Protein chains: 2
Amino acid sequence: MEKQTITIYDVAREASVSMATVSRVVNGNPNVKPATRKKVLEVIDRLDYRPNAVARGLASKKTTTVGLIIPDVTNMFFSSLARGIDDVATMYKYNIILANSDENSQKEVQVVNNLLAKQVDGLIYMGHDISDSIRSEFSRSKTPVVLAGSIDPDQQVGSVNIDYIAAVAAATKQLLTSGNKRVAFVSGPLTEALNSQYRLRGYKKALDEAGVAYDESLVFESQYSYQSGLALFERLQKAKATAAIVSDDEVAIGILNAARDAGVKIPEDFEIIASNNTKLTEMSRPRMTSIDQPLYDIGAVAMRLLTKMMNKEEIDEKTIMLGYDITERDSTK
Amino acid sequence: MEKQTITIYDVAREASVSMATVSRVVNGNPNVKPATRKKVLEVIDRLDYRPNAVARGLASKKTTTVGLIIPDVTNMFFSSLARGIDDVATMYKYNIILANSDENSQKEVQVVNNLLAKQVDGLIYMGHDISDSIRSEFSRSKTPVVLAGSIDPDQQVGSVNIDYIAAVAAATKQLLTSGNKRVAFVSGPLTEALNSQYRLRGYKKALDEAGVAYDESLVFESQYSYQSGLALFERLQKAKATAAIVSDDEVAIGILNAARDAGVKIPEDFEIIASNNTKLTEMSRPRMTSIDQPLYDIGAVAMRLLTKMMNKEEIDEKTIMLGYDITERDSTK
DNA sequence: GTGAAAGCGCTAACAT
DNA sequence: ATGTTAGCGCTTTCAC
């Protein structure tokens, strides 16, 4: 037996009304007499009719679907953002098409094209960096785009983030103030604007204000992975660092564990401040002090901003900066 | 200026061919003369034409999109599966619509309906349990469904998993063998078949084979969260358990940390075996011994199975059991 | 308040 | 190898 789909036409016939009326009922259009509405609703229920969203999308040019470009769902930082995004998407009746990009810009272009072909109403981009090819894809289409947890130096698209310069500066300052002469800065790829133009700048700023000379040998680039962190500690020791501000929580845990495995006491002999305040910072022993980005909220606000853009509402400010904090735990004195 | 979409018709006109020919080119249909193909391709490129997947979906009744019902992306267990799923989905040109369900069956029904309205070609379900209402939604539609990392006792839908009974039995046996008289079983909700009919059964089986009496006071139900684990250790101590097999890694870490915070030595005074072998088991100190479910692979194979079902290929066995292992780390003697 | 009819952009017979 | 022509299931004017 074939999948015998029942359509709006069937409902119309059974209810002895026109397709237009059924459509009105389904879409909550008020211009329907209550009695008619009731009759239609009843038939819909009896026939177990389910509107076909694809046909709807074609006719109305709206899919109530947004694309989400995520480097890796498996990274707590991104999945926390994603959770906030999905929750408010659901709230506004949107669905999320998830696409892992691995921060590979070739794959990203591919993915963005694919998403646009699917006629998503909007796009949330979580890559740390917008390559030029991506940027041109974005500007070519009229589809609204919002960055979550990242910054676009060119401010071409919407974005939700925190004041990364100030946050890193504050963390660095704290480490300096507690007596560390050599505070390392462990960053993700410096090719990413977020790292080179924001976080690193904050680090330098704090150094500057404390009258400490900037020493390039204290700056470390790393992948966003636990293994990288594990391997990094040795280099940190060689550089005679006694503290580190680390851009990714997994990396931070790696460093912390490597330190402890090497018999280094934390925070007595080495202090660490992580950057994302994911669940992981609670799970480590000692628990980790971290810059507290409101991850879930960043995602939620980003999606909310996107709904406004998709509705063509007036946007006062398309770059939204949320507050941050430094949550003190046990990896700092 | 309005979003001036260019359609297959524009391409046909510019290339002086019919829409059908353009369609053939776009879909890689071999029945096109190379010269014609070249001409069309060139126009496509010049006009920057992008096929509208929605129109395509309506005409062909295929959306190359599958729905993914996930309890919580933020949980490493699920996100690891999701990663495997998305990777092979991409490989087969499918996209994933992600929907968090919070294991709330009302929300799940809602979500499934929504996904079916969007005409997804298939569904991957990661809830631990299929409620009756979900089940009836599933059987009502002809859309293929695969469970990833879970079991359907009724075998109505496809599923990919490991032999949970054997795995838990092996873990329990190991704990018993190393001298523990009171091995606790920390489970997720026992309303879930996976826990009550599989894992618990494995636990009992091992007990039985070792001639140890089953003691209900050693069975603990918990939510899948770190906090639950943290709170649970005290109860474990009161029950005089000296070891535990724990169904969720976050919970296991909670127990491990609570134990250490209470001054209990692991593994000397208390042994723990986790169940999912997520990254977390590497990150704890001591590192955690765990049943090793091949998470990524379970996701990948589940998606692969689904592609076959969507293609209406012959399926030899729609319940696929992957191998498991027990990875020894430092939370066991 | 309701209906008729023209698309939305594409695929899939069916012809040629 | 290529063109013609119906739809796919719905929304949306425009009439009435």
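Just so you know, these numbers come straight off a predicted model, no measurement behind them.
Each of A20(B) and A55(B) has a nearest nucleotide on DNA chain D; the 5'-most of these lies closest to A20(B).
With Y94(A) as reference, D121(A) is the one residue of V120(A), D121(A), T65(A), L306(A) to meet the side chain to side chain contact (heavy atoms under 4.5 Å, CB included) rule.
Ion pairing of E314(B) with K308(B) is absent here, as no side-chain N (NZ or NE/NH1/NH2) approaches a carboxylate O to less than 4.0 Å.
Atom CD of E42(B) is surrounded by 12 or fewer heavy atoms from other residues, nucleotides or ligands within 6.0 Å.
Taking side-chain N and O atoms only, T36(A) has a distance below 4.0 Å to OP1 or OP2 of dT2(C). Of the side-chain N and O atoms in N27(A), one or more sit less than 4.0 angstrom from OP1 or OP2 of dT11(D). For the pair K62(A) and dT11(D), the criterion of a side-chain N or O lying under 4.0 Å from OP1 or OP2 is not met. Taking only side-chain nitrogens and oxygens, T21(A) never comes nearer than 4.0 Å to OP1 or OP2 of dT2(C). Contact annotation: S23(A) side-chain N/O to dT11(D) OP1/OP2 distance is under 4.0 Å. The phosphate of dC8(C) (OP1 or OP2) has no side-chain N or O of S60(A) nearer than 4.0 angstrom. For dG3(C), the OP1/OP2 oxygens have a side-chain nitrogen or oxygen of S18(A) closer than 4.0 Å.
Contacts of residues 42-53 of chain B with DNA chain C (heavy atom under 4.0 Å): Y49(B), P51(B), N52(B).
What separates NZ of K61(B) from C1' of dT11(C) is a distance of 11 Å, to the nearest Å. Straight-line distance from the CD1 atom of I8(B) to the C1' atom of dT2(D): 14 Å, rounded to whole Å. With rounding to whole Å, N31(A) atom CG is found 15 Å from dT11(D) atom P. Here dG9(D) presents its C1' atom at 19 Å from CZ of R56(B), a figure rounded to the nearest Å. In this structure, L58(B) atom CG and dA6(D) atom P are separated by 18 Å, rounded to whole Å. Between the CG atom of N29(A) and the C1' atom of dT12(D) there is a distance of 11 Å, given to the nearest Å. Straight-line distance from the CE atom of M19(B) to the P atom of dA6(D): 13 Å, rounded to whole Å. What separates CZ of R24(B) from P of dG3(D) is a distance of 8 Å, to the nearest Å.
In this structure the side chain of T7(A) never reaches within 4.5 angstrom of the side chain of N52(A), judged on heavy atoms.
Heavy atoms of V17(B) sit under 4.0 angstrom from primed sugar atoms or phosphate atoms, though from no base atom.
Distances were taken from every side-chain heavy atom of T7(B) (C-beta onward) to each of dG3(D), dC10(C), dC8(D); the shortest belongs to dC10(C). You'll find that the side chain of A59(A) is closest to dC8(C), out of dC8(C), dC10(C), dA12(C).
The shortest non-hydrogen separation linking T143(B) to L123(B) is CG2-N, 4.4 Å. Among all heavy-atom pairs drawn from I162(A) and M321(A), the shortest one is C-CG, 3.6 Å.
Aromatic ring centroids of Y125(A) and F138(A) lie under 6.0 Å apart.
Using a 3.5 Å distance cut-off with no hydrogens or angles, the side chains of N75(B) and S79(B) do not pair a donor with an acceptor.
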